Amino acid sequence: MVAHPCQLACLYLFLIIVASLLPIPLIQLLSMAESSSSGTPSRYESQKRRDWNTFGQFLSNQRPSMAVSECNSSHVVDFMRYLDQFGKTKVHLEGCIFYGQPEPPAPCACPLRQAWGSLDALIGRLRAAYEENGGSPETNPFASGSIRSYLRDVKESQAKARGIPSKKNKK
């Protein structure tokens with residue numbers, strides 16, 4: 001059975017009206033429908049699953065080994081510090097001659113770290129994965145104030161190390 005062009009136009013118009021009533025944009029709704037109908041998880045869902053598995057592996061390698069249900073925010077901070085060894089963002093130390101310079105003229109021995117934005121996105125995905133895997137929002141270690149504080153400190157220290165002025169919200 002072939003749909004008449006008027007039927008397709010009416011269906012399209014209906015979808016636009018319904019989508020305007022939803023809290024998520026139409027393009028996101030269509031991509032969600034496309035990925036769920038094809039059986040292939042979205043890039044975000046794949047990354048979230050990979051992050052969740054990596055965090056679980058990190059916890060199982062701790063001594064003593066632990067389950068995600070036993071961890072707290074200090075384990076999450078330890079995980080973020082562990083990930084620094086795989087980072088690609090040069091963060092100059094205070095004693096470095098290039099400290100505070102956005103584009104240093106030469107290489108230095110300062111460490112590579114995970115960029116603040118990458119850590120922030122990671123925590124967002126793990127926060128969602130925790131609750132999707134049966135964790136309670138009230139006990140979510142990825143949503144704790146100490147994690148937000150750690151991320152804020154990382155953001156500020158990376159901005160200072162690269163000479164980027166900190167923009168405080170004016171209240």
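Values below: every heavy atom of this structure, side chains too, minus hydrogens, waters and symmetry copies. Everything numeric here is computed off the predicted structure, so don't read it as measured data.
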E132: what forms a salt bridge (charged side-chain N to carboxylate O under 4.0 Å, His left out) with it, not counting sequence neighbours? K48
Indicate yes or no for a side-chain donor-acceptor contact from S157 to the backbone of D153 under 3.5 Å, with no hydrogens or angles considered. yes
Can a side-chain donor-acceptor contact be found between Y130 and S136 if the only test is distance below 3.5 angstrom? no
CG of L59 to SG of C71: how many Å apart, nearest 0.5 Å? 5.5 Å
I'd like to know if the side chain of W116 and the backbone of L151 have a donor-acceptor N/O pair within less than 3.5 Å. yes
Look up atom CD in E131 and atom CD in E138, then write down how far apart they are to the nearest 0.5 Å. 8.0 Å
Pairwise distance CD(E94) to OH(Y99) - rounded to 0.5 angstrom: 4.0 Å
Ignoring hydrogens and geometry, is there a side-chain-to-backbone donor-acceptor pair from S60 to Q57 under 3.5 Å? yes
Look only at the side chain of S46 and the backbone of S42, and say whether a donor-acceptor pair between them is shorter than 3.5 Å. yes
If we ignore hydrogens and angles and just use 3.5 Å, is the side chain of Q114 paired with the main-chain N or O of L119 as donor and acceptor? no
Under the ring-ring contact (aromatic ring centres under 6.0 Å, His included) test, residues paired with Y150 that sit two or more places apart: none
Point-to-point distance, once rounded to the nearest 0.5 Å, from CZ of F55 to CG of L126: 7.0 Å
Indicate the atoms forming the closest heavy-atom contact of Y44 with G124, along with that distance. OH-O, 4.4 Å
Between M80 and I123, does a side-chain contact (heavy atoms from CB on, under 4.5 Å) hold up when you go through it step by step? CA-CA 9 Å; M80 289 189 283; I123 293 303; 3.8 Å; yes
Flag if over 12 foreign heavy atoms under 6.0 Å of CD, Q85: yes
Keeping the roles fixed (side chain from S65, backbone from Q62), state whether a donor-acceptor pair exists under 3.5 Å. no
Strictly distance-based, threshold 3.5 Å: is any side-chain N or O of R162 a donor or acceptor partner for the main-chain N or O of V91? no
Going by salt bridge (charged side-chain N to carboxylate O under 4.0 Å, His left out), name the pairs with one or both residues in residues 102-130, residues two or more places apart or in two chains. D51-R125
Minimum heavy-atom distance V68-G56, with the two atoms named: CG2-CA, 4.4 Å
Taken to the nearest 0.5 Å, the spacing of C96 SG from K90 NZ works out to 8.0 Å
What are the two closest heavy atoms between R148 and A143, and how far apart are they? NH1-O, 2.7 Å
Can you give me the closest heavy-atom contact between L112 and G87, atom names plus distance? CB-O, 3.4 Å
If I compare all heavy atoms of F98 with all of C108, which pair ends up nearest, and what's the gap? CD1-CB, 3.8 Å
Measuring from atom CG of L83 to atom CG of L122, what distance do you get when rounded to the nearest 0.5 angstrom? 6.5 Å
Test V77 against I147 for side-chain contact (heavy atoms from CB on, under 4.5 Å), laying out the working first. CA-CA 7 Å; V77 170; I147 298 302; 3.7 Å; yes
Distance only, no hydrogens: is a donor on one side chain within 3.5 Å (strictly under) of an acceptor on the other, for N72 and H75? yes
Aromatic plane relationship, F58 with Y82 - under 30° parallel, 30 to 60° tilted, over 60° perpendicular: tilted
